[in-house]
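Every value quoted in this text rests on a predicted model; they were computed, and no experiment measured them. Numbered from 1 within each chain, the chains take letters A, B, ... in sequence-line order.
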Number of protein chains: 2
Amino acid sequence: MTNSANSDIARLCKEHGLRLTGARKIIMQVLLKSNDHPDAVELHRRVSKIDSRVAIATVYRTLNMLRDKGVLERHTFADGRARYETTDNEHHDHLINVETGDVVEFRSDEIERLQEEIARAHGFEIVNHRLEIYVRPLEKPQRRAGRAKA
Amino acid sequence: MTNSANSDIARLCKEHGLRLTGARKIIMQVLLKSNDHPDAVELHRRVSKIDSRVAIATVYRTLNMLRDKGVLERHTFADGRARYETTDNEHHDHLINVETGDVVEFRSDEIERLQEEIARAHGFEIVNHRLEIYVRPLEKPQRRAGRAKA
DNA sequence: CTCCAATTGCGTCGCAATCGCAATAACGCC
DNA sequence: GGCGTTATTGCGATTGCGACGCAATTGGAG
């Protein structure tokens with residue numbers, strides 16, 4: 001299992017003319033197995049668990065590099081910290097659970113299309129966009145007047 | 001012209017039980033006449049032009065206060081800095097011209113509705129949302145292959 | 001005019017992110 | 001395998017935005 005990931009990482013580095021260093025290996029390995037949307041500090045925490053010598057500056061540098069190469073995407077949600085995810089084939093937007101911080105991905109072709117329309121109507125073309133919906137779990141339908149207990 | 005603005009400001013302060021101080025008068029006056037979406041530093045720059053003694057900390061404090069009172073909205077676009085605008089009656093989203101930094105407001109009921117749908121479909125209710133479309137002016141239709149001149 | 005709490009200005013802090021630089025380590029070459 | 005070159009790293013310091021503590025100032029009610 002680590003095998004395929006390893007070769008992916010090696011290939012990625014080769015393709016972009018980057019040295020396959022220890023820090024890079026670990027950081028990319030952690031990234032690839034992260035399905036959530038961790039921030040740099042959280043990533044550093046996970047990386048440190050594997051090799052505590054890796055500096056957070058290196059995490060930031062690697063993250064920026066991978067973003068520049070198009071391997072990663074960086075999102076800055078309302079809490080301020082930047083969070084990362086590996087670029088996937090298809091664009092998507094985010095639902096953010098304000099109670100837990102969890103992120104759910106979604107995609108709406110209809111919204112995408114409407115955005116295009118709006119931009120064009122204003123004489124623009126879209127470079128990029130971001131749509132974040134901050135949400136809270138729906139109360140389960142209750143028999144009586146539900147009251148959230150403190 | 002300064003008159004009506006002045007009374008607006010005075011009224012705002014009264015309504016919220018705030019002292020009508022010199023700094024406040026200037027900051028609010030600058031805010032009311034700003035149609036763009038300035039950040040705190042830019043606001044401070046403008047305020048300083050009127051009274052250079054006003055500290056940026058006061059600008060931040062006033063901005064936060066006004067946001068808490070619902071008079072202002074704070075947006076954090078992709079560049080990181082928070083930008084402010086006076087709250088208007090109706091929610092809107094933003095088109096941001098990446099070449100100039102200019103901001104255009106728009107609203108799409110259809111997009112709003114779709115968001116509701118999506119959130120509900122995932123078992124959430126919307127607390128808040130933000131949609132920013134980063135755009136670039138459409139090339140004017142040209143006769144020949146248009147080339148943006150440097 | 002007086003008094004006192006609200007407000008301000010200044011300096012400092014906190015946090016995320018970046019940077020400069022000396023030390024280290026990939027990797028092409030032999 | 002050993003070498004030399006140069007990218008990369010770790011460290012500490014720094015930046016930039018924003019917030020805060022505190023002493024000095026100042027609205028504005030009486």
Practice item. Verify, without hydrogens or angle tests, whether A:Y134 (side chain) and A:A78 (backbone) share a donor-acceptor contact under 3.5 angstrom. Key: yes

Note: for B:L20 and B:N64 on DNA chain D, the residue whose nearest nucleotide lies more 5' is B:N64

Under a 4.0 Å heavy-atom criterion, DNA chain C is touched by chain B from C:dA5 to C:dC10

| message | Determine whether the aromatic ring centres of residues B:H129 and B:H91 are separated by less than 6.0 angstrom. | response | yes

Chain A vs DNA chain D, heavy-atom contacts under 4.0 Å, first-to-last nucleotide span, 5' to 3', is D:dT6 to D:dC11

Of A:Q115, A:E117, A:E116, the one forming a side chain to side chain donor-acceptor pair (under 3.5 Å) with A:R113 is A:E117

Side chain to side chain contact (heavy atoms under 4.5 Å, CB included) filter on B:H44, not counting sequence neighbours, yields B:S48, B:I56, B:V59

Show me the side-chain donor-acceptor pairs of residues 67-76 of chain A shorter than 3.5 Å, one per line, residues at least two apart or across chains.
from, atom 1, to, atom 2, distance (Å)
A:R67, NH2, A:N64, OD1, 3.1
A:H75, NE2, A:E85, OE2, 2.5

Over all strands shown, is A:R24 touching base, sugar-phosphate only, or nothing at heavy-atom distances under 4.0 angstrom? sugar-phosphate

task: State plainly whether the residues B:R46 and B:D36 are in salt-bridge range, i.e. N to O under 4.0 Å.
output: yes

Checklist entry - Less than 4.5 Å apart, any side-chain heavy atom of B:I118 and any of A:S108? => result yes

### Query
Is the closest side-chain heavy-atom distance between B:E132 and B:D93 below 4.5 Å?
no

Ordered by number, residues from residues 36-54 of chain A within less than 4.0 Å of DNA chain D (heavy atoms) are A:R53, A:V54

(Q) Check whether A:R83 reaches the backbone of A:H37 with its side chain - one donor and one acceptor, N or O, closer than 3.5 Å. (A) yes

Checklist entry - Do the two ring centres, one from A:F106 and one from A:H92, sit under 6.0 Å apart? => result no

What residues 77-87 of chain A contributes to the DNA chain C interface at heavy-atom separation below 4.0 Å is A:R81, A:A82

- Query: Would a 4.5 Å heavy-atom cut-off, applied to side chains only, mark A:I50 and A:V30 as touching?
  - Reply: yes

Open item on the list: Mind checking if A:A57 touches a base, just sugar-phosphate, or nothing, with heavy atoms under 4.0 Å?
Closed with: base

With heavy atoms under 4.0 Å as the rule, sort A:I56 into base, sugar-phosphate or nothing. nothing

Assess whether a salt bridge exists between A:R45 and A:E42, defined as any Lys/Arg side-chain N lying under 4.0 Å from an Asp/Glu carboxylate O. yes

Notebook entry, point to check: Side chains of B:L18 and B:R24: does their closest heavy-atom pair fall under 4.5 Å?
Noted result: yes

